[in-house]
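Below: the structure, in structure tokens.
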Amino acid sequence: MRIKVLTVSALILIMGAAFGARASAYDFSGYVAVEGRYFPPAPLDPAQKRNSGSLAVQPEYYHEWENGSSFTFVPFARLDSADSERTHFDIRELNYLWVADSWELRAGIGKVFWGTTEFVHLVDIINQTDAVESVDGEEKLGQPMIQLSILRDWGALELFVLPYFRERTFPGREGRLRFAAVVDTDNARYESADEEHHPDFAARYSHTIGDWDFGIYNFNGTGREPTLVMGLDSAGRPVLIPFYEQINQSGLDLQLVAGGWLWKLEAIYRTGQGEDFFASVGGFEYTFVNIAATGMDLGVLVEGAYDDRGGKATTFFENDAMFGLRLAVNDAASTELLAGFSQDLENSSRSLSLETSRRFGDNWLLSIESRALVDLPEDDLFYSLRDAGFIQLELAYYF
């Protein structure tokens with residue numbers, strides 16, 4: 001018996017032919033990056049390694065047909081020297097997009113982002129957070145989905161069927177950016193008997209009216225943020241066990257452009273995870289263009305976050321004011337800098353962040369990131385991260 005193996009190229013041609021599409025263009029790109037993390041404070045747990053180095057690769061294949069339909073494949077892999085949980089592989093995207101005059105249908109593994117604010121992304125719920133990749137929650141795992149987008153003059157309606165749930169990643173025992181007790185991802189629990197196979201559903205309506213952009217949505221299914229429950233692992237050590245509830249969440253994102261002003265708002269209401277709660281984040285960004293005739297632009301950001309769970313909130317930003325500066329040098333090297341500061345309005349805890357990047361030539365990008373939590377009180381949920389200030393350097397080659 002002869003077994004025929006389909007290559008990605010052959011599969012793409014078959015998919016295109018099946019829907020009457022003629023191939024018009026394709027592109028292969030991506031990056032390879034080396035990264036180093038330096039933690040000035042020594043770890044609180046002797047099992048943790050102080051510093052780390054890693055290698056990451058993310059290629060991307062994109063194929064588009066003449067009718068606008070497309071195929072996208074984006075795998076990702078990282079090899080980390082310190083944390084075995086951070087050594088991982090994921091398919092960020094693997095999907096086919098059918099395009100018609102007034103609708104689009106995407107099927108496969110995809111990434112969807114919702115939100116407007118800078119420091120906290122409350123409404124972004126479709127994809128699971130890849131928490132071993134970054135501490136700001138912006139890196140996401142690929143999500144199996146069927147997405148129907150209906151595009152009309154009255155706005156865009158998006159309908160989602162999410163047939164499989166992705167569990168959140170967490171640092172392992174040797175990793176630095178973790179709680180005092182390790183999160184035991186091997187023994188996750190679910191409210192639903194279907195566990196990760198429970199289908200989730202979401203619908204979102206978005207529209208632009210003049211200078212206003214807004215979106216409203218409802219999500220029903222397995223919550224992306226688990227409740228962490230104390231337990232014991234197989235060796236009898238205290239661990240945190242993720243428990244994924246069935247939730248219903250409605251959300252709103254709003255943005256207004258008014259000259260140099262950019263006003264932003266995100267708000268959610270969630271039921272099913274403990275007591276029902278409301279949370280919001282909003283503020284503005286004002287950009288000074290060509291400051292002092294240097295050609296550089298400086299943006300000033302001010303945002304406030306509120307969570308009516310108060311001290312029971314599972315986020316660092318439950319009643320905080322955030323401030324930031326965004327500098328765009330506008331040079332040939334695309335040099336950028338973002339500095340952030342947050343202050344809890346009910347206690348002494350603060351956070352500091354700095355991100356900057358600069359291109360070298362056509363293919364190289366150097367990025368530097370630094371974060372620290374300062375003056376955390378002992379009853380703070382994140383008190384065990386008081387030693388987790390770090391400086392991260394990444395050098396990436398883009399092709």
Side-chain angles (χ1 to χ4, degrees), residues 72 74 90-100 102-117 120-131 137-152 154-168 188 190-208 213-227 242-255 264-274 276-281 314-315:
T72 303
V74 184
D90 183 47
I91 297 178
R92 300 304 205 207
E93 297 185 64
L94 177 61
N95 59 72
Y96 189 88
L97 174 68
W98 292 269
V99 176
S102 58
W103 60 269
E104 298 176 355
L105 179 66
R106 187 186 306 274
I109 300 172
K111 291 180 70 174
V112 175
F113 174 77
W114 298 338
T116 59
T117 54
V120 186
H121 302 303
L122 288 177
V123 302
D124 193 28
I125 195 172
I126 294 295
N127 289 82
Q128 179 60 277
T129 299
D130 192 355
E138 295 189 357
E139 295 295 331
K140 301 291 182 176
L141 299 172
Q143 172 63 49
M145 67 175 66
I146 299 173
Q147 175 188 359
L148 174 64
S149 301
I150 302 171
L151 312 173
R152 295 288 193 273
W154 42 260
L157 176 64
E158 299 172 278
L159 305 174
F160 296 84
V161 178
L162 312 172
Y164 185 81
F165 175 74
R166 303 293 308 279
E167 294 180 5
R168 181 169 295 194
Y190 293 83
E191 179 180 348
S192 170
D194 293 330
E195 298 186 338
E196 65 266 37
H197 298 286
H198 184 281
D200 303 332
F201 303 93
R204 182 176 190 262
Y205 171 73
S206 59
H207 195 31
T208 299
D213 295 310
F214 71 91
I216 54 175
Y217 76 86
N218 181 261
F219 170 91
N220 186 275
T222 306
R224 273 44 183 164
E225 177 191 7
T227 297
F243 178 65
Y244 293 96
E245 295 101 330
Q246 291 297 301
I247 69 165
N248 186 280
Q249 178 170 305
S250 297
L252 164 71
D253 56 272
L254 184 66
Q255 182 169 280
K264 312 172 186 182
L265 174 68
E266 295 185 27
I268 62 169
Y269 185 78
R270 182 184 301 174
T271 64
Q273 188 175 23
D276 302 349
F277 73 92
F278 168 81
S280 63
V281 57
T314 55
T315 173

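Source: prediction; values computed, not measured. Numbers for residues simply follow the sequence, beginning at 1.
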> What do the steps show when you test T315 against V281 for side chain to side chain contact (heavy atoms under 4.5 Å, CB included), and what is the final call?
Replying inline: CA-CA 12 Å; T315 173; V281 57; over 6 Å; no
>> Please evaluate residues D253 and Q255 with respect to the criterion side chain to side chain contact (heavy atoms under 4.5 Å, CB included), reporting the C-alpha separation (whole Å), side-chain torsions for both, the decisive distance (0.1 Å), and the verdict.
In response: CA-CA 7 Å; D253 56 272; Q255 182 169 280; over 6 Å; no
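Judged by distance alone, with hydrogens and angles left aside, the side-chain atoms of D276 form no donor-acceptor pair with the main-chain N or O of Y269 at under 3.5 Å. Put simply, the side chain of T129 never gets that close to the backbone of A131: no donor and acceptor are under 3.5 Å apart. Put simply, the side chain of Q273 never gets that close to the backbone of G223: no donor and acceptor are under 3.5 Å apart. Without hydrogens or angle criteria, E104 side chain to S149 main chain gives no donor-acceptor distance under 3.5 Å.
The distance from atom CD1 of I146 to atom CZ of F160, rounded to the nearest 0.5 Å, is 12.0 Å. Note that CG of L97 is 8.0 Å distant from CG of L105, once rounded to the nearest 0.5 Å. Note that the CZ atom of R270 and the CZ atom of F278 stand 13.0 Å from one another [nearest 0.5 Å]. The distance from atom OG of S280 to atom CG of L122, rounded to the nearest 0.5 Å, is 7.5 Å. Put simply, OH on Y164 and CD on E195 are 9.5 Å apart, with the number rounded to the nearest 0.5 Å. To the nearest 0.5 Å, atoms CG (L157) and CG (L148) are separated by 7.5 Å.
Closest approach of D90 and G142 over heavy atoms only: OD2-N, 3.1 Å. M145 and I126 make their closest contact through CE-CG2, 3.8 Å (heavy atoms, listed as atom of the first residue, atom of the second, distance). Minimum interatomic distance between E245 and G272 (heavy atoms only, all atoms of both residues): CB-O, 3.6 Å. Nearest heavy-atom pair, Y244 versus P226, reported as atom, atom and distance to 0.1 Å: CE2-CB, 3.4 Å. The heavy-atom pair separating R204 from G215 by the smallest distance is NH2-CA, 3.7 Å. Here the closest heavy-atom approach between residue D200 and residue T222 is recorded as OD1-N, 2.9 Å.
The one candidate from R92, K140, R224 that meets the salt bridge (Lys or Arg N to Asp or Glu O under 4.0 Å) condition with D130 is R92. A side-chain contact (heavy atoms from CB on, under 4.5 Å) with S250 holds for exactly one of N220, N218, V123; it is N218.
When side chains are defined from C-beta on, S192 does not count as touching H197, because their heavy atoms never get closer than 4.5 Å. In this structure the side chain of Q143 reaches within 4.5 angstrom of the side chain of L162, judged on heavy atoms. A heavy-atom distance below 4.5 Å is found between the side chains of I268 and Y217. Put simply, the side chain of W103 does not reach to within 4.5 Å of the side chain of L151, judged on heavy atoms. Side-chain contact check for F214 versus L265: every heavy-atom pair is 4.5 Å or farther apart. T116 places none of its side-chain heavy atoms less than 4.5 Å from the side chain of L254.
With sequence neighbours excluded, the residues that form a side chain to side chain donor-acceptor pair (under 3.5 Å) with E167 are Y190.
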Indicate every side-chain donor-acceptor pair of residues 106-114 with a distance under 3.5 Å to a residue at least two apart or in another chain.
unit_1: R106; atom_1: NH1; unit_2: N95; atom_2: OD1; d: 3.0

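Judged purely by distance below 3.5 Å, without hydrogens or angles, the side chains of T117 and E266 pair a donor atom with an acceptor atom. For the residue pair Q128 / R168, a side-chain donor-acceptor distance below 3.5 Å is found, with atom types taken as modelled.
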